[in-house]
Amino acid sequence: MPSSPSGRLNQIGNDLFGRGRYAEALRYYQEALEHDRKTGDARTLVITLGNLGNISAVSGRRAQADAYYGEVLDLQKRLGDERGIGATLVNLGNLRADAGEWTRARAYYLEALDILDRLGEDTALAVLHSDLGLVARETGAFDEALRQYERSLQLMRRLGDQAGVADVYRMLGRTYVTRRMWDEAASCAQTSLEISERMRDDMRLAGAMYLLGGIREEQGSLAEAIRLFERVVEFDRTYQLPKLQENTNRLSALRERHAGESMKGNISQA
């Protein structure tokens, strides 16, 4: 446990944050901020403000998160903390991406890329190239998206980050979907699914099954699409995920469509 009052408060806040108890975590971060403002310790202030930025971001309070991250960035520049500057620029880019402000997100990401590449921060770069892939995909730059995701995959593999590899393959699959390249999309989704199964990571497995189910539906393989969405709904129900009703409705529609097409097939053969 950290020895300073701010460190202890932030640690408690982090523990609560990790359990999804955001309101309680926020109170501890705010108490730490009051302490740090009084002491004027820039390094502890960076940590506290960063935590406040993170909790504001996940709570959907983007303007507040932007203000916290902006103050963090100013302090990090004053301290000469290049690694920290790179991480904060990524956080600012993420805020813009969440808001669909792709041009501004890309600008922050590219600025971070220059710094993190120079520092050789491969772990951060692996995620950053995936972020840049998302921006490229959302702005219609298909080839650039593939290039960024491939670079992310290279780094994830080098780092042995199987969870990251699964995520990037899922993102690649979604990118191929935008061009209706169903075979390529299915291959990527299947790879993500298999990695997630080996890891026994239910959340990633559900995401890969959701993607592959949608692809199989587009390909007309309704029986397989139904099988996949049945598993997705099972995960939704087990973990009480927010898309339970939406996915249940989609599964019902798939079953009705499949039954209708089967009936037509039987009538035509009669």
Side-chain angles (χ1 to χ4, degrees), residues 94 97 102 105-106 109 113 122-236 238-239 241 243 246-251 253-255 257-258 261-262 265:
N94 291 341
W102 303 114
R106 186 172 185 272
Y109 288 153
L113 182 65
D122 283 355
T123 300
L125 285 167
V127 178
L128 181 53
H129 280 290
S130 180
D131 292 336
L132 283 163
L134 172 63
V135 171
R137 187 186 78 202
E138 292 299 317
T139 54
F142 179 75
D143 291 339
E144 173 66 9
L146 295 186
R147 188 179 71 79
Q148 293 291 350
Y149 284 133
E150 289 295 341
R151 179 57 180 152
S152 179
L153 270 180
Q154 290 172 3
L155 290 169
M156 294 287 187
R157 289 192 182 110
R158 183 191 303 168
L159 294 164
D161 184 352
Q162 287 300 297
V165 171
D167 289 342
V168 176
Y169 268 113
R170 189 176 65 254
M171 297 295 280
L172 270 169
R174 292 178 63 185
T175 303
Y176 282 118
V177 164
T178 66
R179 291 295 180 93
R180 303 182 67 82
M181 299 171 67
W182 304 121
D183 290 343
E184 292 84 351
S187 177
C188 290
Q190 185 67 46
T191 300
S192 180
L193 189 156
E194 290 169 1
I195 294 170
S196 301
E197 277 188 322
R198 289 197 297 271
M199 294 173 58
R200 298 183 179 180
D201 187 324
D202 286 352
M203 293 298 98
R204 285 186 168 84
L205 184 56
M209 286 181 167
Y210 180 90
L211 174 61
L212 186 56
I215 294 166
R216 294 309 188 205
E217 180 183 3
E218 291 290 343
Q219 291 178 312
S221 302
L222 297 185
E224 186 176 356
I226 289 168
R227 180 182 63 79
L228 288 161
F229 272 100
E230 284 174 343
R231 293 286 307 282
V232 170
V233 169
E234 284 178 16
F235 286 126
D236 287 342
T238 299
Y239 295 103
L241 300 178
K243 284 196 171 185
E246 178 184 327
N247 289 332
T248 299
N249 292 341
R250 185 170 183 181
L251 176 58
L254 278 169
R255 285 170 171 163
R257 181 181 165 192
H258 186 244
E261 292 190 5
S262 296

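Numbers for residues simply follow the sequence, beginning at 1.
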Q | Pair Arg227 + Glu224, salt bridge at N-O below 4.0 Å | A | yes
Q) Thinking salt bridges, do Arg106 and Glu138 make one under a 4.0 Å N-O criterion? A)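 A salt bridge is absent here (no side-chain N lies under 4.0 Å from a carboxylate O).
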[Y] side chain reached by [X] side chain, heavy atoms, under 4.5 Å:
X      : Y      : value
Leu241 : Asn247 : no
Asp167 : Arg170 : yes
Leu193 : Glu197 : yes
His129 : Leu113 : yes
Trp102 : Leu134 : yes
Arg231 : Leu205 : yes
Leu211 : Val177 : yes

Could you state the interatomic distance from [atom1] ([X]) to [atom2] ([Y]), rounded to the nearest 0.5 Å?
X      : Y      : atom1 : atom2 : answer
Arg257 : Leu222 : CZ    : CG    : 4.5 Å
Asn249 : Phe229 : CG    : CZ    : 12.0 Å
Gln162 : Arg157 : CD    : CZ    : 9.0 Å
Leu125 : Arg158 : CG    : CZ    : 9.5 Å
Arg151 : Leu132 : CZ    : CG    : 12.5 Å
Leu155 : Asp161 : CG    : CG    : 10.5 Å

Q.
Given the ring of Tyr210, does Arg250 sit roughly above its face, with NZ or CZ under 6.0 Å from the centre of the six-membered ring and within 45° of the axis?
A. yes
Q) Would Lys243 and Val232 count as a side chain to side chain contact (heavy atoms under 4.5 Å, CB included) if you check the C-alpha gap in whole Å, the side-chain angles of each, and the deciding distance to 0.1 Å? A) CA-CA 10 Å; Lys243 284 196 171 185; Val232 170; over 6 Å; no
Q. Should Leu172 and Thr191 be marked as a side chain to side chain contact (heavy atoms under 4.5 Å, CB included) after you check the CA-CA gap, both sets of side-chain angles, and the distance that decides it?
A. CA-CA 11 Å; Leu172 270 169; Thr191 300; over 6 Å; no
Q) Can any side-chain N or O of Thr175 pair as donor or acceptor with the backbone N or O of Met171 at less than 3.5 Å? A) yes
Q: Give a yes or no on whether the backbone of Val127 and the side-chain of Ser152 come within a donor-acceptor separation of less than 3.5 Å.
A: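 No.
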Q: Decide side chain to side chain contact (heavy atoms under 4.5 Å, CB included) for Arg147 and Glu150; before the verdict, give the C-alpha distance in whole Å, the side-chain angles of both, and the deciding distance to 0.1 Å.
A: CA-CA 5 Å; Arg147 188 179 71 79; Glu150 289 295 341; 5.9 Å; no
Could you tell me which non-hydrogen atom of [X] sits nearest to which non-hydrogen atom of [Y], and how far apart they are?
X      : Y      : answer
Tyr149 : Ser130 : CE2-O, 3.4 Å
Glu144 : Ala136 : CG-CB, 3.7 Å
Ala225 : Gly213 : CB-O, 3.5 Å
Arg204 : Ser196 : CB-OG, 3.3 Å

(Q) Evaluate Ile226 against Glu230 for side chain to side chain contact (heavy atoms under 4.5 Å, CB included), listing each step before the verdict. (A) CA-CA 6 Å; Ile226 289 168; Glu230 284 174 343; 3.6 Å; yes
Contacts under 3.5 angstrom, residues 180-190 side chains, donor-acceptor by atom type, not counting sequence neighbours:
| residue | atom | partner | partner atom | Å |
| --- | --- | --- | --- | --- |
| Asp183 | OD1 | Gln219 | NE2 | 3.3 |
| Gln190 | NE2 | Glu194 | OE2 | 3.3 |

